Amino acid sequence: MSKLQILHNPRCSKSRQTLQLLQDQGHSPEIVEYLKNPLSKSELNELQRMLGLENPIAMMRTKESEFAEFNLSKTESTHETLIKAMVQCPKLIERPIVIFNDKARIGRPPESVLEIL
């Protein structure tokens with residue numbers, strides 16, 4: 001059996017909605033509170049691969065004040081710089097993210113995670 005996980009922030013309404021959607025569908029995902037347990041560089045690189053993204057910027061919250069505080073750029077920052085910023089400041093990771101069977105989806109909208117189940 002494959003493990004179903006949700007990278008979850010309980011303070012985020014989209015994250016709560018996505019978790020509820022999974023539970024309503026009869027799933028009991030492992031809840032990973034990534035703000036309390038930050039992901040490593042290798043985990044973020046693997047997550048980017050599972051999401052099918054060419055650039056980690058697509059899995060970042062670019063409107064957070066920390067994005068500017070880290071002097072990040074949507075077009076100029078390197079892959080390594082973006083990943084390092086998400087390790088140092090997990091708040092920059094888009095949420096929620098559901099992981100299942102070597103695939104992942106960002107829950108915006110929440111229903112998009114159903115594509116991988």
Side-chain angles (χ1 to χ4, degrees):
M1 184 170 137
S2 296
K3 181 166 55 170
L4 175 63
Q5 293 181 305
I6 181 171
L7 300 183
H8 181 60
N9 177 350
R11 296 186 65 200
C12 170
S13 64
K14 290 291 184 209
S15 196
R16 291 191 309 269
Q17 290 169 11
T18 301
L19 177 58
Q20 186 64 55
L21 175 66
L22 291 171
Q23 292 169 335
D24 290 348
Q25 295 280 322
H27 300 286
S28 298
E30 174 189 348
I31 299 169
V32 178
E33 290 192 39
Y34 65 95
L35 295 177
K36 291 181 182 177
N37 302 298
L39 302 175
S40 68
K41 283 184 187 181
S42 62
E43 289 171 322
L44 286 166
N45 282 315
E46 180 64 9
L47 185 59
Q48 178 187 341
R49 183 195 65 76
M50 289 189 288
L51 286 164
L53 302 174
E54 288 188 31
N55 190 324
I57 196 75
M59 57 190 260
M60 294 184 77
R61 299 177 61 81
T62 59
K63 294 181 182 170
E64 294 290 343
S65 61
E66 290 84 354
F67 190 83
E69 290 168 17
F70 277 87
N71 295 314
L72 299 172
S73 164
K74 291 181 182 181
T75 57
E76 302 296 319
S77 293
T78 66
H79 177 275
E80 183 67 24
T81 300
L82 295 172
I83 294 291
K84 185 178 177 184
M86 287 187 281
V87 169
Q88 292 175 339
C89 183
K91 183 179 176 184
L92 290 172
I93 302 170
E94 187 58 87
R95 62 185 184 252
I97 299 176
V98 172
I99 303 165
F100 185 66
N101 277 347
D102 201 40
K103 293 191 181 195
R105 289 291 181 277
I106 296 172
R108 293 186 174 267
E111 296 77 20
S112 65
V113 303
L114 299 176
E115 298 171 1
I116 63 170
L117 300 180

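Just so you know, these numbers come straight off a predicted model, no measurement behind them.
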**Asked** Are side-chain heavy atoms of His8 and Arg16 found at a separation under 4.5 Å?
**Response** yes
**Message:** Using a 3.5 Å distance criterion without hydrogens, assess whether the side chain of Arg95 forms a donor-acceptor pair with backbone atoms of Leu7.
**Reply:** no
**Prompt:** Can you check whether Arg11's main-chain N or O pairs, donor with acceptor, with Asn9's side chain at less than 3.5 Å?
**Reply:** yes
**Prompt:** So if you build clusters from Ile, Leu, Val, Met, Phe, Trp, Tyr with side-chain heavy-atom gaps below 4.5 Å, do Ile116 and Leu53 land together?
**Reply:** no
**Item:** Heavy-atom side-chain contact between Leu39 and Val87 under 4.5 Å
**Value:** no
**Prompt:** Do you know which two heavy atoms are closest between Pro110 and Leu21, and how far apart they sit?
**Reply:** O-CD2, 3.5 Å
**Request:** Apply side chain to side chain contact (heavy atoms under 4.5 Å, CB included) to Glu115 and list each qualifying residue two or more places apart in sequence or on a separate chain.
**Result:** Arg105, Ser112
**Prompt:** Is there a donor-acceptor contact under 3.5 Å from the side chain of Ser77 to the main chain of Ser73?
**Reply:** yes
**Request:** Give, for atom NZ of Lys14 and atom CG of Leu19, the distance between the pair rounded to the nearest 0.5 Å.
**Result:** 14.5 Å
**Request:** Evaluate the side-chain proximity of Ile99 to Leu4: yes if any heavy-atom separation is below 4.5 Å, no if none is.
**Result:** no
**Message:** Quick check on the hydrophobic clustering: are Leu22 and Leu51 connected, directly or via other members, by side-chain heavy-atom contacts under 4.5 Å?
**Reply:** no
**Asked** Can a donor-acceptor pair be found between the side chains of Thr18 and Ser15 at a distance below 3.5 Å?
**Response** no
**Prompt:** Under the side-chain contact (heavy atoms from CB on, under 4.5 Å) criterion, do Lys3 and Glu30 qualify, and how do the steps go?
**Reply:** CA-CA 8 Å; Lys3 181 166 55 170; Glu30 174 189 348; 2.9 Å; yes
**Prompt:** Arg108 and Ile106: side-chain contact (heavy atoms from CB on, under 4.5 Å), yes or no, with the steps?
**Reply:** CA-CA 6 Å; Arg108 293 186 174 267; Ile106 296 172; 4.2 Å; yes
**Message:** Any heavy-atom pair between the side chains of Ser28 and Gln23 that's under 4.5 Å?
**Reply:** no
**Asked** Do the side chains of Lys84 and Phe70 get nearer than 4.5 Å, heavy atoms only?
**Response** no
**Prompt:** Should Leu47 and Ile31 be counted in the same cluster of Ile, Leu, Val, Met, Phe, Trp and Tyr side chains packed under 4.5 Å apart?
**Reply:** no
**Request:** To the nearest 0.5 angstrom, please state how far the CD atom of Glu46 sits from the OG atom of Ser40.
**Result:** 10.0 Å
**Prompt:** Within the distance-only criterion (no hydrogens, no angle test), does the side chain of Arg61 pair as donor or acceptor with the backbone N or O of Ile93 below 3.5 angstrom?
**Reply:** no
**Request:** Indicate yes or no: at least one non-hydrogen side-chain atom of Leu72 is less than 4.5 angstrom from one of Leu92.
**Result:** yes
**Item:** Residues Gln5, Ile97; criterion side-chain contact (heavy atoms from CB on, under 4.5 Å); working and verdict
**Value:** CA-CA 8 Å; Gln5 293 181 305; Ile97 299 176; over 6 Å; no
**Fill in**
Distance col, row Gln25:CD vs Gln20:CD, nearest 0.5 angstrom, shows 11.0 Å
**Item:** Which residues share a side chain to side chain contact (heavy atoms under 4.5 Å, CB included) with Glu69, sequence neighbours left out
**Value:** Ser65, Glu66
**Complete:** With sequence neighbours left out, the residues meeting side chain to side chain contact (heavy atoms under 4.5 Å, CB included) with Lys74 are Ile57, Thr62, Phe67
**Item:** Residue pair Asn45, Arg49: steps toward the side-chain contact (heavy atoms from CB on, under 4.5 Å) verdict
**Value:** CA-CA 6 Å; Asn45 282 315; Arg49 183 195 65 76; over 6 Å; no
**Prompt:** If we ignore angles and hydrogens, is there a donor and acceptor under 3.5 Å between the side chains of Glu33 and Asn37?
**Reply:** no
**Tyr34 with Met50, same ILVMFWY side-chain cluster at under 4.5 Å** = yes
**Request:** Flag the pair His79 / Asn55 as yes when at least one side-chain heavy-atom distance between them is below 4.5 Å, and no otherwise.
**Result:** no
